[in-house]
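Let me begin by presenting the structure, written as C-alpha cells, before commenting on it.
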Amino acid sequence: MKRTVALLSAAALVTLPAAMTAPASAAQAEATVSVLHAVPGLTVDVYANGEELIPDFAPGTLTDPLTLPAGTYDLQVFADGDNPDNADPAIEAQGVEVPAGANATVVAHLDADGNPVLTPFVNDVSATEAGQARLVVRHTAAAPAVDVRADGEVLFPGLANPDEATGDVPAGSYSADVTLAGESEAVLGPADVELAEGTSTIVYAWGSAADGNLDLAVQTIDGLHSAPSGVPGGETGAAAAGGGAPLWAFGLGAASLLALAVAGGRLAPARTRR
C-alpha cells in the first residue's frame, strides 16, 4: 500500500514548467495521450465522476492513444479493490484541466533507486525520410545506465533512467539488446525488432534489475511517411542523431490521470519481448 500511495501521490506533483511554450498545434484544442503502466506488482482502479472506468489496471499495460478534448474533469484513483463506497481515494483531483496540442506517453515506472515515479515523454511525430524508420529507446527501469545495441553495434551509449535517445535508421529488422554501460554481456534481449518505414518504434526498458524482472515494452506510432524523393543510399548501422521534441507546457500529473480515466475499455497489453 505504501508503494501505491507513493506512486499515486507522485501523479499530483509532476507538472511541467508553465513558462514553456506550446506549439501552434495546441490551437486544435485536443491532446493525444497514452499511458504505460511499468511498475511491477502494482495494480489500481480508476474512477471518473464516481464511475469505475478502469478496473485492475495492471503492470505491462499500455492504453490505446486517446484523443482528449480540452476541458476539466473530476478524478479519483483507488487502491485495487477499493471504491467510493468503502474507502477514501488514495488521490483525487477536482477540476483537472486538460491541455491541448500534446502527443505524449506518460509512464508510471521505477526510478533508478526503485521508487515509483511518473515520467512524461513527448512523442516525435515529425515525418521520416523515405526508406527510414524512427527508433526511440526510453530507460524507465530501476537499473544503472545502459548501452543499447542493434545487430551488435552500440546505437545509444550510456542511457540513464529516465532519459531517452532517438534516431532515424533504415527500415528493416534488427536484433536489439541492452548491456550495462561499457560492458558486452546483454542484460535484456536480444529481441527482434521490426522497424517499418514511416513508423516510430518506442522501446521501454522497465522493471527492476535487483528484483530480476527487467522487461521490454514496445509502442508503435505509424503514419510518419514523407513524400518519397529517392531512397537514401549508403551503409549505416547507427542511428542518425535526433533531437528530442520540446516538452510542452501542461500539467502531466493531471493529464496522466485523465488518460487513465477516459481509457475505459480501450486498454491493450503492451507488446513485450524478453
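What you see is a predicted model; the values in this text were computed from it and never measured.
- The CH2 atom of Trp206 sits 10.0 Å away from atom CG of Leu214, with the distance rounded to the nearest 0.5 Å.
- Judged by distance alone, the side chain of Asp124 and the main-chain N or O of Ser126 form a donor-acceptor pair under 3.5 Å.
- Judged purely by atom type and a 3.5 angstrom limit, His225 uses its side chain to pair as donor or acceptor with the backbone of Glu197.
- Between atom CD1 of residue Ile221 and atom OG1 of residue Thr105 there is a gap of 6.0 Å, rounded to the nearest 0.5 Å.
- Asp147 places a side-chain N or O within 3.5 Å of a backbone atom of Gly182 that can act as its donor or acceptor partner.
- Judged by distance alone, the side chain of Arg149 and the main-chain N or O of Ser184 form a donor-acceptor pair under 3.5 Å.
- Legend: residues meeting salt bridge (charged side-chain N to carboxylate O under 4.0 Å, His left out) with Arg138, ordered by chain and number and at least two apart, are Glu164.
- A donor-acceptor pair under 3.5 Å is absent between the side-chain atoms of His139 and the main chain of Ala112, judged by distance alone.
- When atom types are taken as modelled, the side chain of Asn83 and the backbone of Asp85 share a donor-acceptor pair closer than 3.5 angstrom.
- Looking at Asp80, its side chain never comes within 3.5 Å of a backbone N or O of Thr43 through a donor-acceptor pair.
- The main-chain N or O of Thr199 is never found under 3.5 Å from a side-chain atom of Asp222 such that the two would form a donor-acceptor pair.
- Within the model, atoms CG of Asn103 and CZ of Phe121 stand 14.0 Å from one another, a figure rounded to the nearest 0.5 Å.
- Counting only distance, with no hydrogens or angles, the side chain of Thr128 and the backbone of Leu224 share a donor-acceptor pair below 3.5 Å.
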